[in-house]
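One structure is given here, and the rest of the page talks about it.
Only this structure's heavy atoms are used, side chains among them; waters, hydrogens and symmetry mates stay out. FYI, the numbering just counts along the sequence from 1.
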Amino acid sequence: MVSSKLLTRLLSFIAVMLLSHASLSIAAAQNPQRSPSDTVREFYKTMREKRFREAFAMSIYKPAIEPLRPQEFEDLRPDFEKMAAAIPEKVDIKGEQISGDAATVFVKVKDEENKEQAEPVTLIRIDGNWIVGDKENQAIVKKAGKDFFFNARIDTHHDEVQAMLLRISLAQLVYSQQHAGKFGDLPALILAGLIPKALEATESTGYRFRIMLPANAKTWSAAAEPAQYGRTGRLSFFMDASGVRSGDVAGKPLRPSKLKK
């Protein structure tokens, strides 16, 4: 015969086990594992809602977002908001392919001619959960840590500055044809609608742009330096009739002796 004490302990043990099982079941119901398609939908939705930390936690960029201090996060917010603005309000999934711990989800997007096409989004499975991204880039993000987003921003700014300087060159050509061979300074080119007004500030470009003219305005040169060296850019740029040059001079204007094609 089972003693009353032993029976009480047994019943208590069973009650604890049942309670634990119920808790696990509830937790599983509240946190179901997402499919690759569900992960992509939720990632885009969270990005559009500007819940950037939550969104990047569903991707390979988690090691880059988690260590950011509040001020560093705010410095990067304009870049994140640009990403969010590019995401359509409705994300249509056309299908998915799964191969082991890798998957591809096909998202319906419109190209420059407004034609629909399927854009592939790659995912990998980590600890049973799907995250946006691939293993190759995951390794790059892990290595860079919180510097990843700043490095990506800097690379983007470098490309954009080079493109903008070439645009200034074309603007000067048009301006000189309209002004008897004379070139224009930055305000003049902006007023003529040949370059964007955003170049007067640094918020969108991360760079300070300058155009230098002699008194007769028959020649010109242009320069651009990072607004925050190491945060918005590393290279300083200089352009004249011979082309665009750049160099790392700690954010200072590029001198002729430092010019490098």
Test side-chain contact (heavy atoms from CB on, under 4.5 Å) on Arg69 and Lys146 and set out the steps.
-> CA-CA 9 Å; Arg69 294 192 296 269; Lys146 72 174 185 177; 3.1 Å; yes

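- Within 6.0 Å of atom CD in Glu136, 12 or fewer heavy atoms from other residues, nucleotides or ligands are found, so the atom counts as exposed in its surroundings.
- The hydrophobic clustering, which links ILVMFWY residues whose side-chain heavy atoms are closer than 4.5 Å, places Ile126 and Ile60 together.
- Counting heavy atoms from C-beta on, the side chains of Phe106 and Val121 never come closer than 4.5 Å.
- Both cation-pi conditions hold for Arg53 and Phe73: the charged atom is under 6.0 angstrom from the six-membered ring centre and inside a 45 degree cone around its axis.
- With values rounded to the nearest 0.5 angstrom, Lys45 atom NZ is found 9.0 Å from Glu54 atom CD.
- Under the 4.5 Å side-chain heavy-atom criterion for ILVMFWY residues, no single connected hydrophobic cluster contains both Val174 and Leu191.
- Here the NZ-OG distance, from Lys197 to Ser204, works out to 12.0 Å after rounding to the nearest 0.5 Å.
- Centroid-to-centroid, the aromatic rings of Tyr61 and Phe43 stay 6.0 Å apart or farther.
- A salt bridge links Arg210 to Glu225: at least one charged side-chain nitrogen sits closer than 4.0 Å to a carboxylate oxygen.
- Here the closest non-hydrogen pair linking Thr46 and Ala55 is CG2-N, 3.6 Å.
- To the nearest 0.5 angstrom, Gln33 atom CD is 8.0 Å from Arg125 atom CZ.
- Remark: the backbone N or O of Asp134 is not paired with any side-chain donor or acceptor of Thr122 at under 3.5 angstrom.
- A centroid separation of 6.0 Å or more is found between the aromatic rings of Tyr175 and Phe183.
- Counting non-hydrogen atoms of other residues, nucleotides and ligands closer than 6.0 Å to CD of Gln177 gives a total above 12.
- The closest side-chain heavy-atom distance from Lys143 to Val141 is not below 4.5 Å.
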Go through the steps to decide whether Ile93 and Tyr44 satisfy the test side-chain contact (heavy atoms from CB on, under 4.5 Å), and finish with yes or no.
-> CA-CA 12 Å; Ile93 306 294; Tyr44 282 140; over 6 Å; no

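- For the pair Met58 and Ile131, the minimum side-chain heavy-atom distance is 4.5 Å or more.
- Note that the NZ atom of Lys135 and the CD1 atom of Ile140 stand 15.0 Å from one another [nearest 0.5 Å].
- Pairing each heavy atom of Pro78 with each of Asp75, the nearest pair is CD-O, 3.4 Å.
- To the nearest 0.5 Å, atom CG of residue Leu235 and atom CG of residue Asp248 are 6.0 Å apart.
- Shown here is Lys62, whose NZ atom has no more than 12 heavy atoms of other residues, nucleotides or ligands within 6.0 Å.
- Side-chain contact of Gln97 with Thr104: a donor-acceptor pair under 3.5 Å is absent, judged by distance alone.
- Cluster membership for Ile168 and Leu170, using ILVMFWY side-chain heavy atoms within less than 4.5 angstrom, is not shared.
- Formation of a donor-acceptor pair under 3.5 Å by the Ser35 side chain with backbone atoms of Asp38 is found in this model.
- Ser221 and Asp240 get closest at one heavy-atom pair: CB-CB, 4.2 Å.
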Quick one: do Met239 and Ser169 satisfy side-chain contact (heavy atoms from CB on, under 4.5 Å)? Show the steps, please.
-> CA-CA 9 Å; Met239 179 176 63; Ser169 179; 4.2 Å; yes

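- Ile211 and Leu173 end up in different hydrophobic clusters when Ile, Leu, Val, Met, Phe, Trp and Tyr side chains are linked at under 4.5 Å.
- A 4.5 Å side-chain heavy-atom check between Tyr207 and Gln228 finds every atom pair outside the cut-off.
- Residues Glu72 and Arg231 are paired through a salt bridge, judged by an N-O separation under 4.0 Å between the basic side chain and the carboxylate.
- In terms of heavy atoms, Ala84 sits closest to Arg48 at O-CG, 4.1 Å.
- Annotation for Lys82: atom NZ counts as buried by contact number, over 12 foreign heavy atoms lying within 6.0 Å.
- Ionic pairing of Asp79 and Arg153 is present here: one or more N-O contacts between side-chain nitrogen and carboxylate oxygen are shorter than 4.0 angstrom.
- The two residues Ser236 and Val249 make their nearest non-hydrogen contact at OG-CG2, 3.6 Å.
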Go through the steps to decide whether Phe209 and Thr202 satisfy the test side-chain contact (heavy atoms from CB on, under 4.5 Å), and finish with yes or no.
-> CA-CA 8 Å; Phe209 284 83; Thr202 63; over 6 Å; no

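- A heavy-atom distance below 4.5 Å is not found between the side chains of Pro226 and His157.
- Within the 4.5 Å cutoff, the side chain of Arg245 has no heavy atoms near those of the Phe237 side chain.
- Side-chain contact check for Phe150 versus Thr232: every heavy-atom pair is 4.5 Å or farther apart.
- The closest side-chain heavy-atom distance from Leu123 to Thr39 is below 4.5 Å.
- Side-chain heavy atoms closer than 4.5 Å link hydrophobic residues (I, L, V, M, F, W, Y) into clusters, and following such links, possibly through other members, connects Ile87 to Phe149.
- Shown here for Phe148 and Ala64, the closest heavy-atom pair between the two residues is CB-CB, 3.9 Å.
- Atom CD1 of residue Ile154 and atom CG of residue Asn151 lie 5.5 Å apart, to the nearest 0.5 angstrom.
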